Number of protein chains: 2
Amino acid sequence: MSNSSKPKRLSVKAEQRAETRELILDEAERLFAVHGFLGVTLKDVARQAGVHHTLMNYYFEDKQKLLDEVFARRAVVTSSRRMDAMAAYEAEAGDAVTVEGALRAFLDVDLDLYAAGGEGWHSFGSLVALVANTPVWGSGLMTEHFDPVVRRLIGLLRKALPDATEEDIYWGYHFVSGALLLSLARTGRIDRLSDGLCVSDDFASIKARMATFMAAGIIEICKG
Amino acid sequence: MSNSSKPKRLSVKAEQRAETRELILDEAERLFAVHGFLGVTLKDVARQAGVHHTLMNYYFEDKQKLLDEVFARRAVVTSSRRMDAMAAYEAEAGDAVTVEGALRAFLDVDLDLYAAGGEGWHSFGSLVALVANTPVWGSGLMTEHFDPVVRRLIGLLRKALPDATEEDIYWGYHFVSGALLLSLARTGRIDRLSDGLCVSDDFASIKARMATFMAAGIIEICKG
DNA sequence: ATTATCTATAGATCTATAGATAATGC
DNA sequence: ATTATCTATAGATCTATAGATAATGC
């Protein structure tokens with residue numbers, strides 16, 4: 001238990017273990033994102049990762065636990081960044097919190113992460129959309145990882161719109177959430193509909209419009 | 001080939017056939033909506049429908065074709081209603097087409113259908129969301145059944161916003177689409193987040209806010 | 001001595017079809 | 001005679017584990 005000043009030098013075995021686990025997580029993430037949880041077998045993941053298929057159960061308790069780890073790996077990163085961004089915004093804005101400011105803190109750091117994060121983050125985005133749309137086995141993951149950031153956003157919106165009803169604010173968030181999830185899914189549908197003018201992977205274009213769009217919508221329905 | 005004045009009286013066999021097919025389609029729809037296409041086996045569907053599992057391949061070529069029929073059954077209904085609603089709106093509005101008017105024609109008849117359609121339509125809604133979020137096997141169905149209504153909407157929005165760029169209009173539609181899909185999915189997430197204040201199944205509350213919200217958003221991003 | 005990897009296999013499905021039997025059709 | 005339903009089964013997976021072997025650890 002020499003925990004003070006941990007030896008940074010990992011043993012060969014510990015390194016090998018960590019590398020293999022990451023490799024499996026990467027391939028699982030990629031495959032789950034494209035084919036869905038049930039559209040991928042542990043053997044598929046093992047084949048792609050180049051490891052023996054029995055190692056799947058050596059490194060991960062079962063298939064569900066593998067998904068849980070894939071999901072948690074990036075969910076904690078985006079959640080903590082968004083919490084920080086919202087806290088920073090609130091500190092900076094004081095009593096002058098605006099709907100668009102709150103939404104930018106909630107949306108923009110997240111979209112930046114997906115824009116700059118490469119293939120891994122892209123896959124994770126698609127996976128979040130799939131998980132969110134399969135409540136029967138996905139709602140636990142959504143609740144566990146994303147409820148805190150949503151509640152934080154709701155708090156900021158309340159501050160920005162002290163006269164709005166709770167229902168209007170929640171329905172407003174619901175629309176934001178749907179638009180964000182479809183963006184993360186990168187289905188390629190907008191590409192085909194617009195004949196290539198818009199591109200699903202273009203998170204910069206989405207970021208440029210999303211907070212503005214959603215702020216206008218929320219303010220409008222909260223007028224009622 | 002006595003096609004003139006078809007005998008409305010169907011034979012017992014023809015009736016039986018039609019009933020069994022519908023029964024299978026109903027149960028497949030319900031199960032696919034909850035568990036996803038791959039989360040349901042043909043045996044599951046047969047068991048729920050109370051028919052022998054080998055009848056699945058007697059009535060439907062294969063599992064994919066069963067999904068295609070489940071999907072097409074209601075997709076043609078909603079699509080034709082929405083096309084009619086948009087045509088009626090355009091005829092009525094003439095050159096004074098508005099963004100909110102166009103969106104009401106696109107959204108409201110659809111939401112009415114889900115609100116009043118009972119369990120079958122509810123299941124279909126969840127299924128649409130799942131199909132839309134699984135591009136690898138779902139984009140064909142989306143394109144085939146929903147491209148025409150989307151193109152019709154885009155045409156109306158162009159008329160309402162002659163100075164807007166094509167990109168802004170398509171991205172605006174993209175946000176609308178995401179919000180609609182999450183509403184159809186009825187994930188129950190907004191219920192839990194709002195502690196029961198908002199209810200996923202409450203299409204009336206969604207309809208009351210959605211076109212207003214989306215019109216404000218589209219108009220705002222098209223100002224740029 | 002401990003941990004990573006592979007061999008072999010249990011046990012449980014699934015989809016799909018060939019072919020037999022039972023129920024209407026004309 | 002035609003069509004609906006059931007019997008029986010081929011053929012192909014999958015997940016998960018017990019136990020053996022190979023590679024580091026100290």
Side-chain angles (χ1 to χ4, degrees), chain A residues 1-3 6-32 34-71 136-137, chain B residues 1-3 6-32 34-71 136-137:
Chain A
M1 291 282 188
S2 66
N3 249 348
K6 275 180 193 162
K8 282 294 159 213
R9 182 182 305 280
L10 289 173
S11 66
V12 172
K13 276 188 176 172
E15 255 178 27
Q16 204 169 1
R17 179 179 191 85
E19 269 173 29
T20 304
R21 277 183 65 93
E22 284 299 304
L23 189 59
I24 292 172
L25 287 170
D26 287 343
E27 294 304 322
E29 178 176 66
R30 202 167 58 79
L31 291 173
F32 287 157
V34 176
H35 301 100
F37 181 59
L38 296 170
V40 177
T41 68
L42 291 173
K43 274 188 166 171
D44 292 335
V45 178
R47 193 180 314 121
Q48 286 296 321
V51 303
H52 199 274
H53 71 274
T54 56
L55 285 183
M56 302 302 292
N57 290 297
Y58 176 70
Y59 282 111
F60 301 93
E61 195 180 320
D62 56 23
K63 196 181 172 188
Q64 178 64 50
K65 285 280 165 56
L66 173 59
L67 173 68
D68 292 347
E69 282 207 45
V70 165
F71 200 88
V136 71
W137 54 267
Chain B
M1 289 281 189
S2 65
N3 248 350
K6 275 179 192 165
K8 282 293 158 208
R9 181 182 307 279
L10 289 172
S11 66
V12 172
K13 276 189 177 174
E15 255 177 27
Q16 206 168 2
R17 178 180 192 83
E19 269 172 30
T20 304
R21 278 183 64 94
E22 285 299 305
L23 189 60
I24 292 171
L25 287 170
D26 288 344
E27 294 304 323
E29 180 175 66
R30 202 167 59 78
L31 291 173
F32 287 156
V34 176
H35 301 100
F37 181 58
L38 295 169
V40 177
T41 67
L42 290 174
K43 274 188 166 170
D44 292 334
V45 178
R47 192 180 315 121
Q48 286 296 320
V51 303
H52 199 274
H53 71 275
T54 56
L55 285 183
M56 301 302 292
N57 290 298
Y58 176 70
Y59 281 112
F60 301 93
E61 195 179 318
D62 57 22
K63 195 181 172 188
Q64 178 64 49
K65 285 278 163 57
L66 173 61
L67 172 69
D68 292 348
E69 282 207 45
V70 165
F71 201 87
V136 71
W137 54 266

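Numbers restart at 1 for each chain; the letters A, B, ... are given by sequence-line order, proteins then strands. Since this is a predicted model, take the numbers as computed values, not measurements.
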Hey, does A:F60 reach any base, or is it just sugar-phosphate, or nothing, if we go heavy atoms under 4.0 Å?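 No contact.
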Atom [atom1] of [X] to atom [atom2] of [N]: distance rounded to whole Å?
| X | N | atom1 | atom2 | answer |
| --- | --- | --- | --- | --- |
| B:H35 | C:dT13 | NE2 | P | 16 Å |
| B:R21 | D:dT3 | CZ | C1' | 14 Å |
| B:E19 | D:dT3 | CD | C1' | 16 Å |
| B:L38 | D:dC14 | CG | P | 13 Å |
| A:L23 | C:dT5 | CG | C1' | 15 Å |

Option passing side chain to side chain donor-acceptor pair (under 3.5 Å) with A:E61 (candidates A:Q64, A:K65, A:K63):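 The single option meeting the side chain to side chain donor-acceptor pair (under 3.5 Å) with A:E61 is A:K65.
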Where do [X] and [Y] come nearest, in terms of heavy atoms and distance?
| X | Y | answer |
| --- | --- | --- |
| B:E69 | B:L25 | CB-CD2, 3.9 Å |
| A:V136 | B:V34 | CG1-O, 3.2 Å |
| B:A28 | B:V70 | CB-CG2, 3.9 Å |

For DNA chain C, the dot-bracket notation using Watson-Crick and G-U wobble pairs below 3.5 Å, [ ] for pseudoknot-type crossings and | for other-strand pairs, is ||||||||||||||||||||||||..
Is any side-chain heavy atom of [X] closer than 4.5 Å to a side-chain heavy atom of [Y]?
| X | Y | answer |
| --- | --- | --- |
| B:W137 | B:L67 | yes |
| A:E15 | A:V12 | no |
| A:L42 | A:H53 | no |

So, OP1 or OP2 of C:dA4: does either fall under 4.0 Å of a side-chain N or O from A:R17?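 Indeed, a polar side-chain atom of A:R17 lies that close.
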Whether A:D26 side chain and A:L23 backbone form a donor-acceptor pair below 3.5 Å: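 No.
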Going 5' to 3' along nucleotides 15-26 of chain C, which nucleotides have protein heavy atoms under 4.0 Å from the base (write B), which only from the sugar-phosphate (write S), and which from neither (write -)? BBB-----BBS-
